[in-house]
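A quick write-up on the structure given underneath.
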There are 2 protein chains.
Amino acid sequence: MGRRMDMRFDLAQKAQDDGAFVMAATPPAKGCGGQYCDRCEVRDQAICADLDEKQRVALNRIGRRVSLQAGQTVMWEGDSSTLVANVIEGTLKLSTSTGDGREQIVGVVYASDFIGRPFGARTPHSVTALTDARLCLYPRGTFDGFAREHPALEHRLLQRTLDDLDRTRAWMLLLGRKNAREKVATLLLDMHRRLRADRAGVIELPLSRQQIADVLGLTIETVSRQIGDLKRMGVIALAGRRGVRIVDAGRLEGMAEGE
Amino acid sequence: MGRRMDMRFDLAQKAQDDGAFVMAATPPAKGCGGQYCDRCEVRDQAICADLDEKQRVALNRIGRRVSLQAGQTVMWEGDSSTLVANVIEGTLKLSTSTGDGREQIVGVVYASDFIGRPFGARTPHSVTALTDARLCLYPRGTFDGFAREHPALEHRLLQRTLDDLDRTRAWMLLLGRKNAREKVATLLLDMHRRLRADRAGVIELPLSRQQIADVLGLTIETVSRQIGDLKRMGVIALAGRRGVRIVDAGRLEGMAEGE
DNA sequence: CTTATGCATTGACCTCTGTCAAAGCCCGCA
DNA sequence: TGCGGGCTTTGACAGAGGTCAATGCATAAG
């Protein structure tokens, strides 16, 4: 565990520095009269979708756009909860760690997803950008107040949270009861469902091997071996470090279920 | 896996029969004018806490009380979502299974908790009584409508769902990254926090060894060995099959964190 | 109080996954 | 185009936890 732990602390340190830098360097919030929303890429999927023009302008007034680079951390596990946000673009991870540095990724969020902990004092997990990303960021207290006054927003947030909970519980079955082969197969299928493949059918994974291991509760070596096996068996094909093409989806699905 | 699987199917079958029987045998719903709520044991903790008298009467009119015996299942994974409920008394488990019968308990719910999947078509996991229990049961569609018209109720539901999600994600760290000793220690501490100990300091676990294994992603044998070790080390004492007394809480906490 | 039944414990063994260590190979950079 | 560093792969080995099987022991029925 020594090796792994050291690496963790390096990463955490690095991310923290980067994160602090970016947050400080972001221009101050300014009222932007809703013009962002009009051309917002996710406005029909995000929790603000059911707000009318006037409400959206009001919400916009309390938020601001922020850009993140891959690797930057927006929120830290255990910190007091001061920010929430909509993801406009990019992929981020939610993660927790044990005291001795073992990490578990507890969620991966995509464009239009919501992050942060509204109505609560503490952030229960860290949030880190896996790719470059853009957020629509709100101060938590202000957002809470706005949400309480807009049931349509709260309802959307509830729906989203219920869906997250379902997905998270489904992932518990994977963590507790699936073996390495089933875990890797399930993840590849899951990513294939969420990410768009290019014309060659290749998807670009937003996760490194170590991060895949952290999602699946495995080590990087086991992940590497499983992916290698799947490639040798002709079920998937690899394109560089992050590219994957699913060659035999049926067989991969069978493997995900342990057949 | 053969042995385990057979047992699973027996259990599932048995529970299903029992469950069907009880649900059919329950007297039909009748308007009860809110008199149940007045003496409800959980009315200040459940999601109905913030409703006023009139609203509570209206909610009560769409619900009914149901008693369950230990082992009975109220909802099945994958079924269409037709019921939601408040838990008045007792402990229940939420569980999912793989196609070949491996089970994972994805949640344990106690008095005042909410069960079922509002605003969704499918029940994502089964719900089974671990002890005798009493529920305040609502038809899902009717409940959904009521909730949409009562933001105070939806807000409580949101808060509860956010808390559940936090707890569930914390459990993912345990499933993915903790070893058997840490898992068992964590569970015992968690139960000790939730359940009231008698004057001798003994808590009665609502879970059998197999169910503990299903919560922790272990086998019954590993759970048994770990509990045996903790007893031999003098960290806990056992009283019958279900009784546990924590002798050295500090040491147990250390073990839960992997020290 | 005795007995039967099912849950729990214990033991022996094995396998999957983790650990440690050494190459290998992308990919950005010069 | 060549180089360097970090990520990834591969190999050898160890050990935690799973599997199979037998025994022990609460609990409830008689």
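Quantities reported herein were computed from a predicted structural model and do not represent experimental measurements. Proteins get letters first, then strands, A, B, ... in listed order; numbering begins at 1 in each. These values consider heavy atoms only, across backbone and side chains, with no hydrogens, waters or symmetry-generated copies.
Note: CG (A/Asp214) to C1' (D/dC7) measures 14 Å, nearest angstrom. Distance CE (B/Met255) to P (D/dA16): 15 Å, rounded to an integer number of Å. We find that NZ of B/Lys231 is positioned 14 Å from P of C/dA8, with the value rounded to whole Å. Straight-line distance from the CG atom of B/Asn179 to the C1' atom of D/dG15: 12 Å, rounded to whole Å. With rounding to whole Å, A/Gln226 atom CD is found 16 Å from D/dT8 atom P. Rounded to an integer number of Å, the gap from CD1 of A/Ile236 to C1' of D/dT9 is 14 Å. Per the geometry, CG belonging to B/Leu238 stands 14 Å off C1' belonging to C/dC7, to the nearest Å. Whole-Å rounding puts the B/Arg209 CZ to D/dG18 P distance at 16 Å.
For B/Ser224, the side-chain atoms get nearest to C/dA8 when compared with the rest of C/dA8, C/dT17, D/dG18. Taking the side chain of B/Glu221 as heavy atoms from C-beta on, and the options C/dG11, D/dG17, C/dT19, the nearest nucleotide is C/dG11. Listed candidates were C/dA8, C/dG18, C/dT10. Nearest to the side chain of A/Thr222 is C/dG18. The side chain of B/Ile220 has C/dA8 as its nearest neighbour among C/dA8, D/dG17, C/dG18.
Ion pairing between a basic and an acidic side chain is recognised when a charged N comes within 4.0 Å of a carboxylate O; A/Arg102 and B/Glu182 show such pairing. Ion pairing between B/Asp190 and B/Arg194 holds under the 4.0 Å rule for side-chain N and carboxylate O. B/Arg169 has no carboxylate O lying under 4.0 Å from a charged side-chain N of B/Asp166, or vice versa, which leaves the two without a salt bridge. Salt-bridge annotation for B/Glu103 and B/Lys93: present, with a side-chain N of the basic residue lying under 4.0 Å from a carboxylate O of the acidic one. Between A/Asp229 and A/Arg181 there is a salt bridge, with a side-chain nitrogen of the basic residue lying less than 4.0 Å from a carboxylate oxygen of the acidic one. Salt-bridge annotation for B/Arg134 and B/Glu41: present, with a side-chain N of the basic residue lying under 4.0 Å from a carboxylate O of the acidic one.
Nucleotides of DNA chain D nearest to A/Arg242 and A/Arg225 differ in position, and the one nearer the 5' end is that of A/Arg242. Nearest-nucleotide assignment on DNA chain C puts the 5′-proximal partner with B/Ser208, out of B/Ser208 and A/Val223.
Judged by distance alone, with hydrogens and angles left aside, B/Gln210 brings no side-chain donor or acceptor close enough to the base of C/dC7 to form a pair under 3.5 Å. For D/dA26, its base sits under 3.5 Å from the side chain of B/Arg241 at one donor and acceptor pair at least. For B/Arg232 against C/dT9, a side-chain-to-base donor-acceptor contact under 3.5 Å is absent. Between the side chain of A/Arg181 and the base of C/dT15, no donor-acceptor pair of N or O atoms lies under 3.5 Å.
Side-chain atoms of A/Ser81 come within 3.5 Å of backbone N or O of A/Arg117 as a donor-acceptor pair.
Across all strands shown, A/Gly217 has heavy atoms under 4.0 Å from sugar-phosphate atoms exclusively, and none from any base.
Each end of the helix from C/dC1-D/dG30 to C/dA30-D/dT1 gets its own rotation axis from five pairs of C1' atoms, and the angle between them is 40° to the nearest 10 degrees.
In summary, of the residues considered (A/Leu92, A/Ile105, A/Leu207, A/Leu68), a side-chain contact (heavy atoms from CB on, under 4.5 Å) with A/Leu130 occurs for A/Leu207 alone.
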